[in-house]
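Single-structure report; data block below.
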Amino acid sequence: MSAPLPAIVPAARKATAAVIFLHGLGDTGHGWAEAMASIRSPHVKYICPHAPIMPVSLNMNMAMPSWFDIIGLSPDAQEDAAGIKQAAENIKALIDQEEKNGIPSNRIILGGFSQGGALSLYTALTMSQKLAGVVALSCWLPLRTSFPQAAVNSANKDVCVLQCHGESDPLVPLMFGSLTSEKLKTVMNPVNVHFKTYPGLAHSSCNQEMSDIKQFIEKQLPPS
């Protein structure tokens, strides 16, 4: 099923870098495109795709935008392995498209929030092109028991990751974020995995977090 075209914040001048950012369950790319527009760098293009609509087991099979099915939110919940792998292939195709447009993968940051952040981590760790960085907000690593083996051919074991989490998150508890950070350090170069937490923040974003993301993007995607 084809989803509508992504929400895009074009570069103010010639785009020499890009940020691809994946929204959370039940959302669309529009809100995150607005958030990215508020922290934009003039040479960076921001691409916020919309997930396809599908029934979600967690929500009594109601149809909503979702990158893959979510069966449960506990660490031992069953996972939609086929759906996660297919979603990662779709994101890799989006990155390939940007490469054809003239932006090499090492000038692309992949990121996302919640389910989108989970997909960005999985995609980065299973792709053969090198990225400029990963931004993983309020999320977890899908199919974590498949790592480190699943990352054996990954080009992103040395890439910088900015992982952020609200300390008062009721949906994806902070502990999941901490466990994810520890797991990432066993799969990637641990000095490049940065985990930031925000007191009082629930399952959403805040100004300090957006400011940290802006700094990370400016550092990983300097003007060329």
Side-chain angles (χ1 to χ4, degrees), residues 6-12 15-24 29 31-49 91 94-95 98 103-125 127 129-141 154-167 169 172 174 176-178 180-185 187-199 201 203-224:
I8 290 179
V9 182
T16 61
V19 173
I20 297 174
F21 195 90
L22 312 175
H23 64 73
W32 284 103
E34 281 179 34
M36 292 295 154
S38 72
I39 60 165
R40 67 199 288 195
S41 294
H43 62 286
V44 180
K45 171 186 182 184
Y46 301 83
I47 303 160
C48 299
I91 301 307
L94 194 59
I95 292 165
E98 284 315 301
I103 299 177
S105 66
N106 65 0
R107 294 282 292 160
I108 296 175
I109 284 177
L110 181 60
F113 173 78
S114 194
Q115 188 193 36
L119 180 55
S120 70
L121 284 174
Y122 185 83
T123 305
L125 288 179
M127 64 186 275
Q129 302 108 304
K130 187 163 170 46
L131 293 164
V134 180
V135 175
L137 311 182
S138 309
C139 68
W140 65 94
L141 177 63
S154 173
N156 291 307
K157 289 189 199 137
D158 272 321
V159 83
C160 278
V161 176
L162 173 63
Q163 196 194 337
C164 303
H165 217 106
E167 292 179 11
D169 191 328
V172 182
L174 178 62
F176 290 12
S178 306
T180 295
S181 178
E182 292 313 306
K183 179 73 179 184
L184 288 175
K185 286 175 181 171
V187 181
M188 311 173 74
N189 184 340
V191 300
N192 292 334
V193 178
H194 306 282
F195 186 45
K196 294 193 173 215
T197 66
Y198 303 86
L201 180 64
H203 194 63
S204 66
S205 186
C206 63
N207 289 340
Q208 182 57 56
E209 183 182 64
M210 290 309 295
S211 168
D212 291 339
I213 295 166
K214 181 176 197 273
Q215 272 187 318
F216 181 79
I217 292 172
E218 285 170 358
K219 182 165 179 248
Q220 301 307 126
L221 298 176
S224 60

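Two residues are said to be in side-chain contact when any heavy atoms from C-beta on lie closer than 4.5 Å; Pro223 and Glu218 fail this criterion. The shortest distance between side-chain heavy atoms of Leu131 and Gln220 does not fall below 4.5 Å. Within the 4.5 Å cutoff, no side-chain heavy atoms of Cys139 are placed close to those of Val172. Counting heavy atoms from C-beta outward, Ile109 and Val44 have side chains that stay 4.5 Å or more apart. Between Leu137 and Ile213, the closest side-chain pair of non-hydrogen atoms falls below 4.5 Å. Residues Val134 and Asn156 form no side-chain contact, since every pair of their non-hydrogen atoms from C-beta on lies 4.5 Å or further apart.
Distance check, rounded to the nearest 0.5 Å: CG of Leu221 to OG1 of Thr16 gives 8.0 Å.
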| query | What do the steps show when you test Cys164 against Phe195 for side chain to side chain contact (heavy atoms under 4.5 Å, CB included), and what is the final call? | reply | CA-CA 6 Å; Cys164 303; Phe195 186 45; over 6 Å; no
| said: Set out, in order, the CA-CA distance, both residues' side-chain angles and the distance that settles side chain to side chain contact (heavy atoms under 4.5 Å, CB included) for Val193 and Ser181, then state yes or no. | reply: CA-CA 7 Å; Val193 178; Ser181 178; 4.0 Å; yes
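Looking at Ser154, its side chain does come within 3.5 Å of a backbone N or O of Ala124 through a donor-acceptor pair. Counting only distance, with no hydrogens or angles, the side chain of Thr180 and the backbone of Phe176 share a donor-acceptor pair below 3.5 Å.
Heavy-atom contacts from other residues, nucleotides or ligands closer than 6.0 Å to CD of Glu34 number 12 or fewer. Other residues, nucleotides and ligands contribute only 12 or fewer heavy atoms inside 6.0 Å of the NZ atom of Lys196.
For the residue pair His43/Ser224, the side-chain donor-acceptor check at 3.5 Å is not satisfied.
Contacts of Ser120 classified as side-chain hydrogen bond (donor to acceptor under 3.5 Å, both in side chains), with partners at least two apart in sequence or in another chain: none.
Contact between Met210 and Trp32 at its shortest, heavy atoms only, is SD-CZ3, 4.2 Å.
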